[in-house]
Every structure is written in structure tokens, then in C-alpha cells.
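Below is one structure; the comments refer to it alone.
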Amino acid sequence: MTEAAPPAYQAWLLDVYAPPQAQEALPGDPLCVWLLDDDGQRRMLLACLPVTFYAAGPAARLRQAWQFLQNEPNPPRLGRAERRDLFSSQPLTVMTIDCPGCSSQARLFWRLQQFFPDLEFYDADISPALRAAAAWGVFPLARCAVEVGADDRLRRLAALDTPWELDPPPVPLRILELEPDVDPLHAEPQAIKVRFERFSYRFPLNPARPLLANLAALLRRHDPDLLLTDWGDTWLLPRLLELVEQCDTDGLAGLPLNRHPRAGPSYRKEHSYFSYGQIVYKGQQVQLLGRWHVDKRNALLYRDLGLEGVLEFARVTSLPVQDAARLSPGTGISTMQILTALRQGILIPWRKQQSEAFRPASEMFARDQGGLVYQPTPGVHTHVAGIDFVSMYPSLMVRFNISPETAGRLPPDPDHLQPIGAQQDEPPGLVPQTLAPLLEKRIALKTRLGQLPRWDPRRAADQARSAAHKWLLVTCFGYLGYKNARFGRIEAHEAVTAYGREALLRAKEVAEDLGCSVLHLYVDGLWVQHPGWREPADFQPVLDETVRRTGLSISLDGIYRWVVFLTSTLDRRIPVANRYFGVFQDGSLKVRGIEARRRDTPDWISETQMAMLEILAQAPTAEDIPAYLPRALQILRSALQALANGGVPLEKLVLKHRLSRALEAYRGLSPAAAAARQLLAAGKELKPGQAVRFLYVLGRPPAVLAWDLPAAPDPRRIDIPRYRELMLRAAHTILEPFDAPPLGSDGLPLPTQRRLPLPHPQSRVMAGGRPPALPGD
DNA sequence: TCCTCACGGGG
DNA sequence: GTGTACGTGAGGA
């Protein structure tokens with residue numbers, strides 16, 4: 001960043017942002033653009049990007065706003081124009097407000113909406129990175145052509161590739177990893193560990209001066225693009241900044257965390273928010289300028305996707321890498337829709353005003369049914385294939401052009417589901433346009449994954465990238481029906497589920513027409529049985545014909561050696577839709593809804609239940625299962641013995657619950673709330689969305705002991721009978737379908753009378769209700 | 001027997 | 001800074 005940039009060259013785009021507030025008054029209101037050159041230089045260039053936003057409302061108010069803006073210190077250029085509003089058929093007349101750059105736009109908009117809160121605003125809250133993405137066609141890590149002017153400012157930036165490349169050139173990023181020697185929530189760290197490539201260092205926290213000097217030297221020497229930390233948001237970086245203050249070294253220059261000159265990191269406060277039907281807790285964040293900070297412990301997306309997935313997420317959404325690692329996938333899909341709208345000149349509402357159009361309640365009930373859920377035939381089944389639609393909901397949106405602006409004109413009933421090749425007489429809407437390339441790339445990635453040999457090093461990266469796409473595709477459906485989404489519309493949401501139900505029913509018809517019986521249907525998947533069929537090729541005609549009749553792609557999840565659909569534990573006559581387990585022909589298990597799949601189940605129980613299932617999975621056919629039951633029971637008995645002897649590590653008995661509300665808001669004293677209170681008394685406050693860990697102990701209910709207390713738990717207090725009960729219940733779940741006799745408290749079969757076989761209900765009820773889960777594929 | 005609370009899905 | 005299902009099962013009163 002010291003040498004002058006050549007007038008024209010190629011580089012990777014690392015980041016785009018507005019200068020920090022203290023430095024806003026740069027001439028021309030430029031953006032900061034970070035580039036990584038081929039010679040390894042990291043360079044910050046300033047770039048001008050004029051932006052326009054819009055206001056609409058009654059003419060008299062707009063005239064007042066016009067006057068107001070003209071009296072501002074640096075008045076923007078004003079005008080009148082017609083623009084397309086996604087939610088109305090007529091173009092909208094708007095006041096255009098041209099600003100020299102993003103910072104002045106943000107300031108003007110802030111002033112304007114304070115004095116004119118009754119006006120509607122469009123394109124008003126778009127981040128600089130998105131503006132740049134729309135104007136220049138660039139995205140994070142894009143390979144770019146760069147032209148630099150005589151004033152050393154960026155004159156032209158243009159992407160040479162697209163986010164849809166399957167094999168983007170690898171970007172030689174420099175990554176410095178930082179972590180304390182112990183979890184700072186449980187102990188006071190004594191040292192900080194640093195890793196860069198194959199070097200690692202360990203610096204004591206005390207005394208602070210040499211620590212800071214060493215870290216500063218490493219930051220200068222390696223100049224990393226990414227600081228990858230453990231607890232960097234909540235502990236490490238705040239602590240380092242404190243030490244900088246205390247030592248009164250050179251201030252920020254003493255520890256160059258930021259690459260941006262003369263700017264400190266920015267903080268975001270901790271908060272809890274609702275996502276995916278549950279409260280999520282996000283700790284305080286420390287964001288850097290000119291380099292990225294990602295706290296592995298506080299970045300949801302990073303935890304799930306890893307670096308490769310996060311980079312892919314940033315590429316396809318255009319979100320800056322540092323944000324991409326931390327945000328939820330819902331933000332990603334929303335960003336992509338905004339970008340599509342920006343590029344097409346569609347107005348982007350500031351706050352969504354549009355709400356669900358009034359409809360009589362009866363009609364709501366009739367239409368808003370969610371995914372189709374069947375009642376499975378309970379018990380053990382063989383010769384069953386699991387068949388799933390591939391990315392069903394996003395595929396429906398693309399194929400049937402379901403989008404907020406097209407939803408009102410959709411055919412009223414789903415009989416219009418047409419086979420492949422059907423003509424679309426409307427241009428694709430905003431949502432399908434946004435999704436189509438994503439779907440295409442995901443399919444291409446998955447196809448390639450299927451062809452890569454197991455040992456191929458590209459597999460891991462492709463898998464992470466494929467997972468990033470899956471997240472985006474899964475959330476786009478929820479966003480369509482979310483009332484606060486900018487481009488959401490409930491009718492579009494309902495159209496998707498209606499088409500989905502129709503497609504699933506057609507698949508069922510196909511299977512039945514070809515002589516199969518259908519054991520179960522679940523939103524985007526079906527389980528079909530044919531006594532004579534064993535090979536994938538046998539079921540292929542069902543797949544092919546379903547593709548023909550629905551126009552959607554479908555895939556064979558696998559053929560089961562056997563699969564068990566469970567009944568309700570409260571009423572043995574009622575099958576439940578989403579509790580089942582089975583073994584594919586290759587011996588791998590598929591397990592849904594039972595204890596081992598639940599996050600709140602103690603590890604000891606999950607592991608024992610899975611170990612028992614692994615034994616049953618060794619049975620070559622369903623008829624052989626009885627011969628394998630004794631070995632499964634043996635596993636159970638040794639687990640119970642270990643429990644009785646104190647041979648189970650206490651951490652394997654820990655239950656985890658996520659707190660859904662503030663502690664005061666709990667009505668009764670649930671086990672989780674009781675444990676959280678113990679922690680509060682010990683000075684550890686948990687916020688909604690954080691998990692509380694606890695053990696069951698002897699005593700009056702709720703007899704729990706919080707796990708993260710300062711004092712180590714006393715093993716003698718463990719409620720052994722209760723854990724035994726939980727374990728027997730989990731064992732029962734998987735053994736009962738095989739008519740295994742009931743178990744005594746020692747895990748031995750009880751010498752009682754034979755039980756009656758399960759009654760099989762003849763009537764299959766199709767339940768409504770929204771799908772409990774969203775099909776990705 | 002009622003009420004309250006957390007979980008699922010994906011990989 | 002962004003998805004407020006809905007059915008099941010467990011725990012407590």
C-alpha cells in the first residue's frame with residue numbers, strides 16, 4: 001500500500017466500505033476499495049460512486065422536502081422521475097435525490113426521514129458494498145480490471161469473472177489465528193496463542209507491554225487479510241484494546257489491528273433475535289476496517305460452513321466477507337434480491353409497508369396449508385426407496401415464476417402445474433431471477449461432487465460451497481412469507497406450498513400407477529415400496545415419470561434394507577410423521593426425530609442409542625434383526641452398568657437447553673430456568689438464545705445442577721434412576737418396533753407376557769399445517 | 001390432566 | 001439487522 005498503483009492492472013477485490021465517520025470529509029465523498037495485487041500488495045484506493053435515492057408521497061409534502069434539501073449545506077441535485085415499484089402495476093412518480101457518494105447519501109437520508117417521516121423512501125438504506133456491486137458488477141474476491149487515475153484514485157473497476165464460476169482462481173489470503181489458552185468464560189486466560197501458516201507462538205498476557213509489542217510486530221510482518229480468532233469478539237480483542245489503553249503505548253499505532261490508517265475497530269452490541277422459530281444469541285462484535293475479523297465462536301455461518309463456505313457465501317451474495325461470516329442466511333438471500341432490484345432499476349422500499357391483503361378467514365384456512373404431511377404406515381418395512389424433490393421450494397419458484405409481483409396473477413388452483421417445456425408467458429420475476437443461477441450452480445456443484453473420487457482434495461471445498469448455497473436456497477422460501485421482508489408477499493408463499501403439495505401428490509400417483517405402494521409423504525419426499533424391486537434402476541421409472549409429470553427434478557435418497565416409522569408414544573395407534581429410522585443398502589443409517597437427533601439429549605444417551613442402532617444396521621435383512629437384538633441389548637446393559645458404577649463422565653450426562661426468554665419471563669420453574677437461576681446467583685447471566693447446561697440431581701423437582709458453576713459437581717448427587725429411565729426410554733424407541741420384550745431397569749428383558757401387536761390404522765389422514773421443516777433437498 | 005417449554009430440518 | 005410454523009414429548013404442578 002506504500003507504492004503507487006500502476007495505471008491499469010488486475011487484482012482481487014477484498015473489500016469496499018465507506019470511510020470511518022471521523023474521516024468522512026474526504027473530497028468527493030469517496031469509498032475505500034481494498035485490492036490484492038498479483039505481486040501480493042494490499043492496496044487501498046479511493047473511488048467515487050455517486051448514488052441516487054428516492055422519496056415519494058403527496059405533492060405538497062414533496063415540495064416541502066425539495067425546499068428542505070435545497071437549504072442543506074451541500075444541497076444534492078434534485079429531480080423527478082418515474083420508477084417501477086414491485087408492488088404496484090403503475091410506475092411511481094418519485095423525487096430523485098442525487099448524492100456525490102454513499103456517506104453524504106446516508107447523512108441526507110437521515111436528516112430527511114427525521115423531518116419527513118410520512119414520506120416513502122426507496123433505495124435509501126443500501127450499503128456501500130452493495131452499491132459498488134450493483135454499479136460495477138463486482139463482488140468480494142472478484143478478479144477485477146483496475147484503472148487508476150493520475151490523482152491516484154480508482155477510475156475504473158470491473159469484474160473479469162462472475163460469482164457463478166465453478167472454479168474461481170484461488171485467492172492467496174493471509175490468515176493470522178489468535179486464541180486465548182483457555183475458554184475465558186470458564187477460567188482466566190494466562191496467554192495468547194498465535195498461528196500464521198506453519199509458525200505458532202505463545203505470549204503470556206502478563207506483562208502486557210511485550211505481548212503488545214510482539215503482536216504488533218507479527219501484524220506488521222505478516223499483514224494478514226483475516227484475523228481468525230476464538231472469542232475475539234467477546235473477550236480477546238476487547239481485552240487487547242484495554243491493554244493498549246493501559247500501557248499507553250502508541251495508541252492504535254501500537255497495535256495495528258485495522259489496516260485502514262488511523263481508525264479503531266468498531267463495536268456492535270450483543271443482542272438476541274428471532275430466527276428459524278427460535279431465539280438466537282449473538283455476542284458483542286468487534287469489526288475491523290481493511291482486514292477482516294472473524295470470531296469462530298460468535299459467527300454462526302463460519303461455524304457451519306468454514307472459510308471456503310463463507311467465501312462462497314460472500315461471492316454469491318456480494319456481502320463483505322466480514323459480514324458474510326456473521327450474518328444469517330436470510331440476510332444473504334435478501335441482499336441478493338436487493339441487488340437484482342438495484343441492477344434493474346426496481347424501487348427498493350426502505351421499510352416494507354406492504355402488508356397482507358385482506359381476505360376472509362375461511363379462504364385463509366383453505367389456502368394456507370403449508371407442506372403436505374402424510375401419516376406413515378407404522379412399523380418395519382422393506383423394499384422401500386426414499387425419494388426427494390431436489391431443492392423443491394426454490395425450484396417451484398423458478399419453474400412457475402413465483403415472485404411477489406407475479407403472485408397476484410397466479411392461476412387460482414394448482415392444476416396449472418405443467419410438465420417440462422411448458423411456456424412461461426411472463427418475464428421472470430425478481431425472486432426467480434435471483435434464484436435461478438443459485439440453483440444452477442448448486443446442481444453443477446453436486447453433480448461434480450458425485451463424480452469426484454472420495455480422496456479428491458477438492459471435495460471438502462465443494463461440499464462447503466454447496467452447503468452455502470443450500471442455506472441460501474432454504475431461507476429464500478421463508479423470506480417470501482416473512483412480513484418484514486422487503487420483497488415478501490404471503491400470496492407468493494402460499495402459491496409455493498400449493499404447488500409443492502400438488503407436486504408431491506403427483507409423485508404419489510406416479511408411484512402408484514407403476515405398482516408401488518406409498519408408505520409416507522413428507523413435504524418434499526416420499527417413501528415408496530415395491531416387493532420385487534431392489535436396485536436403483538428398478539425405481540428409476542418412478543423418478544423419470546415424476547420429472548415428466550411435475551417438471552421438477554427428483555433424486556433417489558437411497559433404498560432401505562429396512563425402515564421403521566414410529567407411532568406416537570402417547571397413543572400407540574397414531575403414527576407420527578417425522579420420527580423414523582432405517583438402514584440403506586450400503587449399511588448407513590438414516591435417523592430422524594428420535595432422541596439421538598435432539599440437541600438436548602445427553603451425549604451418553606445419544607451415543608448409546610446410536611451404538612445400538614449400528615448393531616441393528618449390521619443385519620443384512622430385516623428378517624435377521626432378531627439375531628442382532630441380543631448384541632444391541634448388551635450395549636444397553638453395559639451402558640447402564642457404567643452409569644451405576646459412576647463410569648460415565650459427567651459431561652456426557654449434561655442436558656442443553658436454549659433459553660427462549662429472559663429469566664423473569666418463565667412462568668414455572670422449568671429445569672432449564674432453575675439451572676439458569678443458579679448461574680445467575682453465581683454471577684453468570686445468560687441472555688435469551690444462550691444455552692444453559694445442567695445435570696439432573698437427586699432432590700425435589702426441579703432437581704437440577706447447572707453445569708457451568710465455579711465448583712465442580714459432586715458425582716454422588718447425580719440422579720442415577722432418572723438417567724436410567726431416560727436411557728431405557730431411548731432404547732425402547734428403537735427396540736419396540738421389532739417386538740422386543742419390555743426391558744427391566746437393568747436393561748434385561750422382563751419375563752412378562754407377550755404384548756399385542758401394534759394395531760395398524762387403515763385411515764390415512766392428510767394433515768395440514770405449515771411444514772415443520774423446509775425442504776432444501 | 002393440564003400447562004409450559006424446547007426441539008426439529010440440513011451437513 | 002431480519003423466518004414469530006406446528007406437532008410431539010418431557011417435566012412440573
Side-chain angles (χ1 to χ4, degrees), chain A residues 125 127 268-269 271-280 282 285 303-306 309 319 323 326-335 338 351-352 368-371 373 375 388 391 449 460 463-464 466-471 473-486 488 490 493 497 522-525 566-571 574-579 591-595 597-601 655-661 665-674 691-692 696 700-704 722 725-726 729-730 733 767-777:
Chain A
D125 56 346
S127 74
R268 273 187 206 177
K269 271 176 43 185
H271 62 278
S272 303
Y273 62 94
F274 226 93
S275 170
Y276 256 84
Q278 61 185 349
I279 294 266
V280 178
K282 206 179 240 168
Q285 297 178 34
R303 233 178 339 200
D304 284 343
L305 302 178
L319 280 165
D323 298 334
R326 299 160 182 274
L327 289 170
S328 77
T331 311
I333 202 74
S334 166
T335 302
I338 289 173
R351 264 197 310 239
K352 193 176 169 302
D368 187 15
Q369 288 180 48
V373 175
Q375 304 264 61
D388 298 322
S391 293
L449 261 173
Q463 253 154 5
S466 176
H469 287 240
K470 200 197 64 182
W471 268 119
L473 291 170
V474 164
T475 45
C476 72
F477 166 70
Y479 244 67
L480 212 48
Y482 176 40
K483 63 176 181 296
N484 293 329
R486 289 187 217 237
I490 195 69
H493 187 273
T497 56
Y522 195 84
V523 186
D524 66 339
L566 294 169
T567 58
S568 164
T569 43
L570 297 174
D571 187 340
I574 301 176
V576 294
N578 210 15
R579 278 162 61 84
V591 171
R592 291 296 178 268
I594 67 172
E595 290 81 354
R597 287 292 292 198
R598 294 177 62 100
R599 278 196 312 241
D600 55 351
T601 304
L655 291 96
K656 286 179 281 289
H657 274 200
R658 188 168 286 176
L659 296 175
S660 62
R661 60 204 76 191
Y666 280 90
R667 312 220 185 139
L669 203 54
S670 70
V692 57
Y696 283 131
R700 303 171 72 73
V704 295
R722 184 166 193 168
E725 187 58 40
L726 290 174
R729 222 185 273 158
T733 300
R770 285 168 188 279
L774 299 164
D777 59 351

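Chain letters run A, B, ... following the sequence lines, proteins first and then strands; every chain starts at 1.
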> L327(A) side chain: which of dG9(C), dG11(C), dT2(C) is closest?
Replying inline: dT2(C)
> At under 4.0 Å, does any side-chain N or O of Y666(A) touch on OP1 or OP2 of dA6(B)?
Replying inline: yes
> Any side-chain N or O of R598(A) under 4.0 Å from OP1/OP2 of dC7(B)?
Replying inline: no
> Which of these nucleotides, dG1(C), dT2(C), dG9(C), is closest to any side-chain atom of H271(A)?
Replying inline: dG1(C)
> Within less than 4.0 Å of OP1 or OP2 of dA10(C), is there a side-chain N or O belonging to R729(A)?
Replying inline: yes
>> Once you apply a heavy-atom cut-off of 4.0 Å, does R722(A) come out as touching a base, just sugar-phosphate, or nothing?
In response: sugar-phosphate
>> What I'd like to find out is whether the side chain of T569(A) reaches to under 4.5 Å of the side chain of R729(A), using heavy atoms alone.
In response: no
> Distance between the C1' atoms of dG9(B) and dT8(C), in whole angstroms?
Replying inline: 15 Å
>> Between R268(A) and K282(A), is there a side-chain heavy-atom distance shorter than 4.5 Å?
In response: no
> Which nucleotide in the list dG12(C), dG11(C), dT2(C) gets nearest to the side chain of P701(A)?
Replying inline: dG12(C)
> To the nearest angstrom, how far is R599(A) atom CZ from dC7(B) atom C1'?
Replying inline: 7 Å
> Is any side-chain N or O of S670(A) closer than 4.0 Å to OP1 or OP2 of dC5(B)?
Replying inline: no
> Please give, in whole Å, the distance from dG1(C) C1' to K269(A) NZ?
Replying inline: 14 Å
> Using a cut-off of 4.0 Å on non-hydrogen atoms, how would the nucleic acid contact of S568(A) be classed: base, sugar-phosphate, or nothing?
Replying inline: sugar-phosphate
> Are any side-chain N or O atoms of H271(A) and backbone N or O atoms of K269(A), one a donor and one an acceptor, separated by less than 3.5 Å?
Replying inline: yes
>> Could you tell me if the side chain of I279(A) sits less than 4.5 Å from the side chain of R661(A), heavy atoms only?
In response: no
> Between dT2(C) and T331(A), is there an OP1 or OP2 to side-chain N/O distance shorter than 4.0 Å?
Replying inline: yes
>> Which nucleotide wins on minimum distance to the side chain of P702(A), given the candidates dT8(C), dG12(C), dG10(B)?
In response: dG12(C)
> D304(A) CG to dG9(B) P: how many Å, rounded?
Replying inline: 15 Å
>> In this structure, how many angstroms lie between the P atom of dC7(B) and the NE2 atom of H657(A), rounded?
In response: 6 Å
> Looking at side-chain heavy atoms only, is the closest gap between F477(A) and T497(A) below 4.5 Å?
Replying inline: yes
>> Quiz question: going by heavy-atom distance under 3.5 Å, is there a donor-acceptor pair between the base of dT2(C) and the side chain of Y479(A)?
In response: yes
>> Please evaluate residues R486(A) and D125(A) with respect to the criterion side chain to side chain contact (heavy atoms under 4.5 Å, CB included), reporting the C-alpha separation (whole Å), side-chain torsions for both, the decisive distance (0.1 Å), and the verdict.
In response: CA-CA 12 Å; R486(A) 289 187 217 237; D125(A) 56 346; 2.8 Å; yes
>> Please confirm whether the shortest side-chain N or O distance from Y273(A) to OP1 or OP2 of dT2(C) is below 4.0 Å.
In response: yes
> How many Å lie between CZ on R597(A) and P on dG10(B), as a whole number?
Replying inline: 6 Å
>> Measuring from the side chain of D600(A) (C-beta onward, heavy atoms only), which nucleotide among dC5(B), dG10(B), dC7(B) has the closest atom?
In response: dC7(B)
>> Distance check needed: dT2(C) P versus R326(A) CZ, whole Å only.
In response: 12 Å
> What's the closest nucleotide to the P671(A) side chain, out of dT2(C), dG11(C), dG10(B)?
Replying inline: dG11(C)
> To the nearest angstrom, how far is R579(A) atom CZ from dG7(C) atom P?
Replying inline: 16 Å
> Separation of R592(A) atom CZ from dG7(C) atom P, in whole Å?
Replying inline: 21 Å
> Quick one: is Y696(A) getting a side-chain N or O under 4.0 Å of the dG11(C) phosphate, OP1 or OP2?
Replying inline: yes
